[in-house]
There are 2 protein chains.
Amino acid sequence: MDVVQILERSVLFTRIQPGNVEDLLSCLKARTSTFPKDYTIIDEGEYTDEMGIILSGSANIVRHDFWGNRTVVANLGVADSFAETIACTQLPSEVVVITCEPTIVLFLNIHQVITTCRKGCVHHQSLIENIVKLLSQKNLELMKKMNHITKRSTREKLLSYLSEEAKKRKSRTFSIPFDRQQLADYLCVERSAMSSELSKMRSEGLLEYQKSTFTLYEEE
Amino acid sequence: MDVVQILERSVLFTRIQPGNVEDLLSCLKARTSTFPKDYTIIDEGEYTDEMGIILSGSANIVRHDFWGNRTVVANLGVADSFAETIACTQLPSEVVVITCEPTIVLFLNIHQVITTCRKGCVHHQSLIENIVKLLSQKNLELMKKMNHITKRSTREKLLSYLSEEAKKRKSRTFSIPFDRQQLADYLCVERSAMSSELSKMRSEGLLEYQKSTFTLYEEE
DNA sequence: TTTATTATGTTGTTTTTACAACAGGAAAGG
DNA sequence: CCTTTCCTGTTGTAAAAACAACATAATAAA
C-alpha cells in the first residue's frame, strides 16, 4: 500500500508535493492502526485530538437516538477523512465511527496540523490552508442543502434546488447529477410524490424536462 | 467605539489578550469601512479575500432564487463575523450581505489570518485555532439541525430533537431554549400542528412536558 | 388589580404528502 | 433479438400536515 499515493487524493494533502509527505507525517505525529470488521473506532461521547484518514477499507458514521434507533449518516471510503470537527472543537463525538470491513486508518494529531512547526516548513502552511478549506467546503455544502430542505412543500424544495442549479450554470437549461430517487432523497421527499409534482409543474408551464435535463421558465 | 473591547466578544479573538489585539490588527491588514443603510457589502457572485466583523450596526444575509424571491438567512449583530467561508474557499458568494442601518465593519485579510506571520507571534497561532474552531462549530450546528429536519414527519423531528437534548443533558428531564414558535421554526414545521402532535405523544405516554421542560419515557 | 399581550393548546377543514400498486419506456445483458 | 431490470410517471387511497379560528393560560404592563 502506497500511503503517499493515497494521501494525494485526500483534501488535506492537496497541492503538497508527494516528496514532502513523508517528512510532514512525522511532524504530524502520524500513526496507522488496523481495525477488524465492525470495530468501533470512535464511540459516542468520546473526545479525540486526532483526525483520521482511511487508507484502506471503509467505515460508516452512525447516529443513535434516545431510543437506540440507528441512522447511517455517511459512508467513508479510501482517502476520506473523519473526526476533524470533534478534534477541532474538542467536543465529544455525537456519532459512532464503525468499520464495515478490515480497515487501516492514518491518524494525525490535529494540534500539529493547525500549528506551524518550528522549522516553519511551507508545506505545513499548506496543510492549514487545506484544512480550513475542507471545513469551509463542508459548511457551504451543508448550508446549500439546508436552504432547500427547510422549504415546506415538495414544490418549493424543487424550485429552490432547480433554480440554484440554473443560477450556477447561468442557463435556464441544465442537467442535474441525480436520478429521481437520488433527488428525492437529497430533498427529503417521496419519489413518486415528487414525480407527480414535477408533472404538475410542467403542465403549469413552470418548467420542462426530459430525464435529468431541466428548463425553467420565468413567471409572467 | 472601543474596537478591542468589541473584538473580545468575537469568536475569532477568543483567548487573545486585549493588549495584543492592536498589534495583530496591523498584521491582518485590518481596515474599517463605514456603510450607509441598505448598502450591499457583498453581492452575489463576488469573490473576496476578506472576512468581516461587525463593529457597530447590523446587516442581513439574504438569498435570491431564480425568480428573485428573497429569503433572509441570518441577521448579523455587533461582534458577528461573515464571509469566512467564501474567503476561505475562494468561491463566489451565493448570498448578499446588506446593511440594515449605518454599519461599521472591520475587514481582515483571510490569508493573513491563516498564515503565521514571519515574527511567529503566538497570538497569531491562536487566531488559526480560533478560525478552525469557528468553522468546526458552525459545521456541527448545521449537521445537528440537518439530522432533525431530514426526518419526514413532525413526530420524528420532535423525537430526534428531544432525544438529542435528553442525551446532551444526560437526563430524561430537561429544558429547551425555545418557545413553541421557535421550536417549530427550528424544526421547519407548523406550530399548531406541532402542538397537537405533542399532545398526542403525551397521551400515548411517550413523554411529558410543562412549558419548555420535557421528560421522555422509554418505549416498552 | 385589571387589562393587554403573548404563548400555548384544541378542533375542524382543506391541502398536501406518503404509500402502494402498476404501466410504459429505456437500458443492460444475454 | 428477446428478456430482464431499472427508472420514471401515474393514479387512488390513507395519512399527515397546513391552515384558520378560537379557547385558555401565562405574562407583562398599566
Side-chain angles (χ1 to χ4, degrees), chain A residues 65 67 69 71 145-163 165 173-217 219, chain B residues 65 67 69 71 145-163 165 173-217 219:
Chain A
D65 70 11
W67 290 272
N69 304 315
T71 316
K145 181 167 179 178
M146 191 77 78
N147 279 313
H148 304 318
I149 63 179
T150 54
K151 300 292 190 302
R152 297 300 172 81
S153 67
T154 298
R155 172 174 296 215
E156 275 186 299
K157 289 177 190 178
L158 279 167
L159 289 178
S160 176
Y161 173 73
L162 293 174
S163 72
E165 290 300 307
T173 298
F174 54 91
S175 294
I176 63 171
F178 294 136
D179 63 28
R180 290 290 181 275
Q181 185 60 61
Q182 291 170 325
L183 179 58
D185 288 343
Y186 181 78
L187 296 178
C188 302
V189 298
E190 209 264 338
R191 183 197 60 80
S192 71
M194 186 187 75
S195 258
S196 62
E197 191 64 38
L198 277 173
S199 343
K200 215 180 296 174
M201 288 159 77
R202 171 161 58 186
S203 76
E204 291 173 26
L206 276 171
L207 46 74
E208 194 55 67
Y209 57 90
Q210 315 124 55
K211 286 194 191 163
S212 293
T213 300
F214 290 79
T215 302
L216 302 187
Y217 298 116
E219 279 175 312
Chain B
D65 70 12
W67 290 272
N69 304 316
T71 315
K145 182 167 179 177
M146 192 76 79
N147 279 312
H148 304 319
I149 64 179
T150 54
K151 300 293 190 303
R152 298 301 171 81
S153 68
T154 299
R155 172 173 297 214
E156 275 186 299
K157 289 176 189 176
L158 279 167
L159 289 179
S160 175
Y161 172 73
L162 293 175
S163 72
E165 290 300 305
T173 299
F174 55 91
S175 293
I176 64 171
F178 295 135
D179 63 29
R180 291 290 181 277
Q181 186 60 60
Q182 292 170 324
L183 180 58
D185 289 343
Y186 181 77
L187 297 178
C188 302
V189 297
E190 208 263 338
R191 182 197 61 78
S192 72
M194 186 187 76
S195 260
S196 62
E197 192 63 38
L198 277 173
S199 343
K200 216 181 294 174
M201 289 159 76
R202 172 160 59 185
S203 76
E204 290 174 26
L206 276 172
L207 46 74
E208 194 54 68
Y209 57 89
Q210 315 122 56
K211 285 191 192 164
S212 292
T213 301
F214 290 79
T215 302
L216 302 187
Y217 298 116
E219 277 176 312

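Below, chain A is the first sequence line, B the second, and so on; all start at residue 1. Only this structure's heavy atoms are used, side chains among them; waters, hydrogens and symmetry mates stay out.
As judged by a 4.0 angstrom heavy-atom cut-off over every strand, B/Ser192 is placed among the base-contacting residues. Nucleic acid contact for B/Phe178: none, since no nucleic acid atom lies under 4.0 Å from a heavy atom of the residue. If you check every strand for non-hydrogen atoms under 4.0 Å, A/Ser196 touches a base. Within 4.0 Å (heavy atoms only), B/Thr154 reaches sugar-phosphate atoms of the nucleic acid but no base atom. Base engagement by A/Ser195 is indicated by at least one non-hydrogen atom pair under 4.0 Å involving a base atom.
Comparing A/Ser153 and B/Arg202 by the nucleotide of DNA chain C whose heavy atom lies nearest to each, the residue mapping closer to the 5' end is B/Arg202. If you find the closest nucleotide of DNA chain D to A/Leu198 and to B/Glu190, the one lying nearer the 5' end belongs to A/Leu198.
The shortest distance between side-chain heavy atoms of A/Tyr161 and A/Phe178 falls below 4.5 Å. Counting only heavy atoms from C-beta outward, the side chains of B/Ser175 and B/Tyr209 never approach each other to under 4.5 Å. Side chains of B/Arg202 and B/Leu198 form no contact here, defined as non-hydrogen atoms less than 4.5 Å apart. Contact annotation: the side chain of A/Leu159 never approaches that of A/Lys151 to less than 4.5 Å [non-hydrogen atoms, C-beta and beyond]. At least one side-chain heavy atom of A/Leu158 sits under 4.5 Å from a side-chain heavy atom of A/Leu183.
Within the model, atoms CZ of B/Phe214 and OG1 of B/Thr173 stand 11.5 Å from one another, a figure rounded to the nearest 0.5 Å. The OG atom of B/Ser163 lies 11.0 Å from the CD atom of B/Glu156; values are rounded to the nearest 0.5 Å. With rounding to the nearest 0.5 Å, the separation of CZ in B/Arg191 from CG in B/Asp185 is 10.5 Å. The structure places CE of B/Met201 at 10.5 Å from CE of B/Met194, a figure rounded to the nearest 0.5 Å.
The side-chain hydrogen bond (donor to acceptor under 3.5 Å, both in side chains) test with A/Ser160 is passed by exactly one of A/Arg155, A/His148, A/Glu165: A/His148.
In terms of modelled atom types and a separation under 3.5 Å, the side chain of B/Arg152 and the main chain of B/Lys157 share no donor-acceptor contact.
For the helix from C/dT1-D/dA30 to C/dG30-D/dC1, the terminal axes (five pairs an end, C1' atoms, rotation from four pairs onto the next four) enclose an angle of 50°, given to 10 degrees.
In summary, contact between chain A and DNA chain C, defined as any nucleotide atom under 4.0 Å from a heavy atom of the protein, begins and ends at C/dT17 to C/dA27 in the 5' to 3' direction. Think of the region where chain B sits on DNA chain D: with heavy atoms and a 4.0 Å cut, that region ends 5' and 3' at D/dA17 to D/dT27.
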